[in-house]
Number of protein chains: 2
Amino acid sequence: MEIRTLKTFVAVANLKGFSAAARQLNMVQPAVSRQISELEEELGVSLFWRSTREVRITAAGETLLREATEILAQEERARLLVQRTGTGELGRLRIGFLGSAVQAFLPALVREFSARFPQIQVSLFEMTAGELAEALMAGRLDVSLSRPLPPAMADRFESWDIYSDRLVAFLPEGHALASEPCLPVSALSTHPFVLFQRDGAPDLFDQVVSVCNAAGFSPDILAQPNSMQAVLIAVGSGLGVTLAPACIAQLNTSGCLERPLSDQTVPIPLQLHVRPDRAEAGTQAFAALVKGGLGSIRKIMGAGG
Amino acid sequence: MEIRTLKTFVAVANLKGFSAAARQLNMVQPAVSRQISELEEELGVSLFWRSTREVRITAAGETLLREATEILAQEERARLLVQRTGTGELGRLRIGFLGSAVQAFLPALVREFSARFPQIQVSLFEMTAGELAEALMAGRLDVSLSRPLPPAMADRFESWDIYSDRLVAFLPEGHALASEPCLPVSALSTHPFVLFQRDGAPDLFDQVVSVCNAAGFSPDILAQPNSMQAVLIAVGSGLGVTLAPACIAQLNTSGCLERPLSDQTVPIPLQLHVRPDRAEAGTQAFAALVKGGLGSIRKIMGAGG
DNA sequence: ACCACTTATACAAATTTTGTATAATTATCA
DNA sequence: TGATAATTATACAAAATTTGTATAAGTGGT
């Protein structure tokens with residue numbers, strides 16, 4: 001039972017004749033006769049009662065007519081859906097992101113994307129840097145907005161810098177250093193640290209440690225919460241100080257004071273990652289939208305960061 | 001887009017490989033490769049991202065996978081339904097009948113048929129003899145239980161006698177002839193007649209007229225109602241007498257008296273009609289059931305007729 | 001660097017489908 | 001009643017399509 005056969009069958013049934021069907025299908029009557037009789041043989045039923053003067057559909061034929069009509073309609077529907085998916089009119093887009101780093105601009109981006117591609121279903125996944133890398137590698141995400149990827153992954157992906165953040169210090173209110181408007185890293189050397197757990201963001205952890213080393217000390221890490229918000233709560237509770245990207249000031253910082261560092265520290269870029277050999281049309285469209293909006297994103301992040 | 005192609009596609013998608021699909025389908029890898037690439041060309045989308053080490057389905061491919069799976073399931077369903085319809089397990093049976101003539105035995109027949117063929121939908125159509133002939137000819141009925149067909153139609157159909165009825169007289173209660181237990185037709189010569197309208201049952205009408213003629217008079221027909229029940233009501237109301245098959249005593253005869261005729265009149269057979277060149281399996285099964293039950297039908301009709 | 005395994009391509013072989021010619025049947029019309 | 005026109009079925013050759021074989025090219029793992 002092939003689609004072409006069903007088309008022939010439907011034509012015969014609707015036109016009530018083999019010759020008429022052949023004319024409509026731009027083929028020749030014996031070909032129609034053979035297709036139908038082979039279909040009948042395959043199914044083991046007769047589909048038409050035919051004389052030289054009349055072609056009448058059987059009950060089995062009427063059943064097949066109903067089914068075949070549905071199948072042909074579904075074939076057409078499938079063709080349309082597949083083509084639309086191929087061009088990005090239809091589909092899904094799974095975005096992974098670092099919550100605090102994108103909070104200021106991602107909602108507007110997604111809103112604009114959804115307006116332009118209303119048929120693409122957008123899913124948002126907030127994760128840690130480590131989870132993002134893994135999900136991206138495993139194909140559970142189409143794009144991610146996160147920190148630079150580990151070198152082992154970087155060559156499979158295309159990455160664009162979106163904006164650069166910097167490390168700042170967070171202190172509890174009433175801390176000994178609270179009166180300073182700006183701190184050198186070395187000022188923190190004698191204070192206990194709270195740091196985001198290394199698994200969640202290895203690069204950040206290592207960078208903080210190396211910044212401390214460069215300032216002449218090893219941080220005394222007394223806690224490693226599993227979320228940035230928990231780090232800020234710990235700091236706000238007076239448990240210790242932390243060094244973190246400035247963007248986490250977007251979270252709830254009650255009880256915390258933010259202080260810029262007077263040292264020159266390595267910038268912390270936020271990047272857009274896409275695996276080009278797996279990028280669907282919708283993914284590419286989102287990447288293009290981000291790239292086109294870099295200016296306004298940087299303006300927002302430069303101001304509110 | 002052909003069913004065979006879709007089967008190949010689904011195999012590749014599920015097994016995530018061209019070679020594996022080829023093995024499962026008992027074909028060879030290049031054939032699979034070609035089918036897929038031609039499908040991609042036809043649809044204008046790529047369905048898989050492939051390297052020599054991995055085959056990954058695209059978004060368009062996932063869409064097609066969903067659709068193709070449905071199409072294949074429907075194809076299988078269609079095959080099953082068509083075959084069941086062909087063998088009579090599934091289908092419909094449209095029975096036309098003369099109400100009063102079959103009232104005593106048709107319900108039991110239909111009940112038995114439905115029990116044996118529960119998947120066949122039975123439709124019952126009560127009609128006049130004239131309507132039955134027309135509906136049967138036009139293919140709106142599969143079988144009819146009615147009087148002998150007009151000669152022009154008879155050769156297209158197969159007909160079996162079910163039982164034979166006879167003409168009897170119906171008189172109003174208190175009629176001049178009411179005291180006679182049995183009447184010659186000639187006794188009715190001076191009384192006005194009510195006869196079922198000729199269009200509805202031409203043979204019956206003509207037969208009554210010819211019976212009267214044979215008895216030496218022409219009936220004085222003062223009314224021709226369009227249903228047998230209406231004829232009986234007219235008779236019961238004292239409007240006139242009638243001659244009709246005995247079976248109509250099945251109807252409401254209040255105010256009417258039934259009197260057998262002492263004349264030898266032509267029997268009025270009830271027949272089963274089937275058009276053999278259009279008979280579906282279900283229709284044939286019903287005909288066989290009727291033929292097998294002739295004995296008990298005749299017993300019922302001989303007693304209660 | 002080699003091995004094992006994959007997909008893509010080229011070309012010949014096999015299969016399937018189509019088209020031409022023709023037979024057989026049947027309603028219609030003179 | 002016989003001729004006509006229109007229909008479907010069949011046989012066989014031609015065309016088109018599909019498949020299989022051989023082989024190239026690429027990639028991850030040892």
Side-chain angles (χ1 to χ4, degrees), chain A residues 1-42 45-58 61 137-139 151-157 275-278, chain B residues 1-42 45-58 61 137-139 152-153 155-157 275-278:
Chain A
M1 213 198 283
E2 292 297 326
I3 298 272
R4 182 166 27 98
T5 314
L6 294 181
K7 283 181 180 161
T8 307
F9 168 78
V10 169
V12 172
N14 288 335
L15 298 173
K16 303 181 200 307
F18 290 54
S19 301
R23 281 191 292 273
Q24 178 180 296
L25 298 169
N26 291 321
M27 47 198 281
V28 106
Q29 169 262 319
V32 174
S33 286
R34 288 199 54 114
Q35 279 196 24
I36 299 298
S37 71
E38 281 175 12
L39 182 58
E40 289 176 319
E41 195 173 349
E42 176 192 343
V45 303
S46 64
L47 299 168
F48 298 101
W49 303 113
R50 33 213 193 274
S51 73
T52 59
R53 211 59 196 172
E54 181 187 25
V55 171
R56 170 175 291 261
I57 196 165
T58 64
M137 194 63 187
M153 284 177 63
D155 57 342
R156 297 185 173 283
F157 291 83
R275 180 155 174 171
D277 62 347
R278 293 182 185 171
Chain B
M1 213 198 287
E2 292 297 325
I3 297 274
R4 182 166 30 96
T5 314
L6 294 181
K7 283 181 179 162
T8 306
F9 168 79
V10 169
V12 172
N14 287 335
L15 298 174
K16 303 182 201 305
F18 289 55
S19 301
R23 281 191 293 272
Q24 179 180 295
L25 298 171
N26 291 322
M27 47 199 281
V28 108
Q29 169 262 318
V32 175
S33 285
R34 289 199 54 109
Q35 280 196 24
I36 299 298
S37 71
E38 280 175 12
L39 182 58
E40 289 177 319
E41 196 173 349
E42 176 191 345
V45 302
S46 65
L47 298 168
F48 298 101
W49 302 112
R50 34 211 192 272
S51 74
T52 60
R53 210 60 195 173
E54 182 187 25
V55 171
R56 170 175 291 262
I57 196 165
T58 64
M137 194 62 186
M153 285 177 61
D155 57 342
R156 297 185 173 282
F157 291 84
R275 182 155 173 174
D277 63 346
R278 294 182 184 174

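Just so it is clear, the model here is predicted, and its values are computed rather than measured. Letters A, B, ... mirror the listed sequences (proteins, then strands); counts begin at 1.
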Enquirer: Let me confirm one number: the CG-CE distance from B:Leu39 to B:Met1, rounded to the nearest 0.5 Å.
Expert: 6.5 Å
Enquirer: Rounded to whole Å, please give me the gap between CZ in A:Arg50 and P in C:dA24.
Expert: 19 Å
Enquirer: Do the side chains of A:Phe9 and A:Asn14 get nearer than 4.5 Å, heavy atoms only?
Expert: no
Enquirer: If only side-chain N and O atoms of A:Ser19 are considered, is one of them under 4.0 Å from the OP1 or OP2 phosphate oxygen of D:dT8?
Expert: yes
Enquirer: State the CG-CD1 distance between A:Leu6 and B:Ile3, to the nearest 0.5 angstrom.
Expert: 6.5 Å
Enquirer: To the nearest Å, give me how far apart CD (B:Glu40) and P (C:dT9) are.
Expert: 11 Å
Enquirer: Please report the distance, rounded to the nearest Å, between CD in A:Glu42 and P in C:dT16.
Expert: 13 Å
Enquirer: Answer with base, sugar-phosphate or nothing: what part of the nucleic acid does B:Val32 contact at a heavy-atom distance below 4.0 Å?
Expert: nothing
Enquirer: Generate the contact string for nucleotides 25-30 of chain D. Rules: B means base contact, S means sugar-phosphate contact only, - means no protein heavy atom under 4.0 Å.
Expert: -BSS--
Enquirer: Tabulate protein N/O versus nucleotide N/O from nucleotides 16-20 of chain D, keeping only pairs under 3.5 Å, one per line.
Expert:
unit_1 : atom_1 : unit_2  : atom_2 : d
D:dT19 : OP1    : B:Gln35 : NE2    : 3.3
D:dT19 : OP2    : B:Gln35 : NE2    : 3.2
D:dG20 : OP2    : B:Val28 : N      : 3.3

Enquirer: Is B:Arg4 paired with B:Glu2 through a side-chain N to carboxylate O contact shorter than 4.0 Å?
Expert: no
Enquirer: Can you tell me how far apart OG (B:Ser33) and CZ (B:Arg50) are? Round to the nearest 0.5 Å.
Expert: 7.0 Å
Enquirer: Between atom CZ in A:Phe18 and atom C1' in C:dT18, what is the gap in whole Å?
Expert: 17 Å
Enquirer: Select base, sugar-phosphate, or nothing to describe what B:Arg56 touches, counting heavy atoms under 4.0 Å on all strands.
Expert: nothing
Enquirer: Without decimals, in angstroms, what is the distance between A:Trp49 CH2 and C:dT26 C1'?
Expert: 19 Å
Enquirer: Report the distance from atom OG1 of A:Thr8 to atom CE of A:Met27, rounding to the nearest 0.5 Å.
Expert: 4.5 Å
Enquirer: Taking the side chain as every heavy atom from C-beta outward, state whether A:Glu40 and A:Val45 have any atom pair closer than 4.5 Å.
Expert: no
Enquirer: Looking at C:dT6, C:dT7, D:dT8, which one has an atom nearest to any side-chain atom of B:Gln29?
Expert: C:dT7
Enquirer: For a quick test of reading the model: is some side-chain N or O of A:Arg23 closer than 4.0 Å to OP1 or OP2 of D:dA6?
Expert: no
Enquirer: Taking the basic N atoms (NZ, or NE/NH1/NH2) and the acidic carboxylate oxygens, is any pair closer than 4.0 Å for A:Glu38 and A:Arg34?
Expert: yes
Enquirer: Just wondering, more than 12 heavy atoms not from B:Arg56 lying within 6.0 Å of its CZ?
Expert: yes
Enquirer: Whole angstroms only, please: what is the CG-P distance between A:Leu47 and D:dA9?
Expert: 12 Å
Enquirer: Send over the distance from B:Phe48 CZ to C:dA8 P, rounded to a whole Å.
Expert: 10 Å
Enquirer: Could you check how far CD1 of B:Ile3 sits from P of C:dT16, rounded to whole Å?
Expert: 18 Å
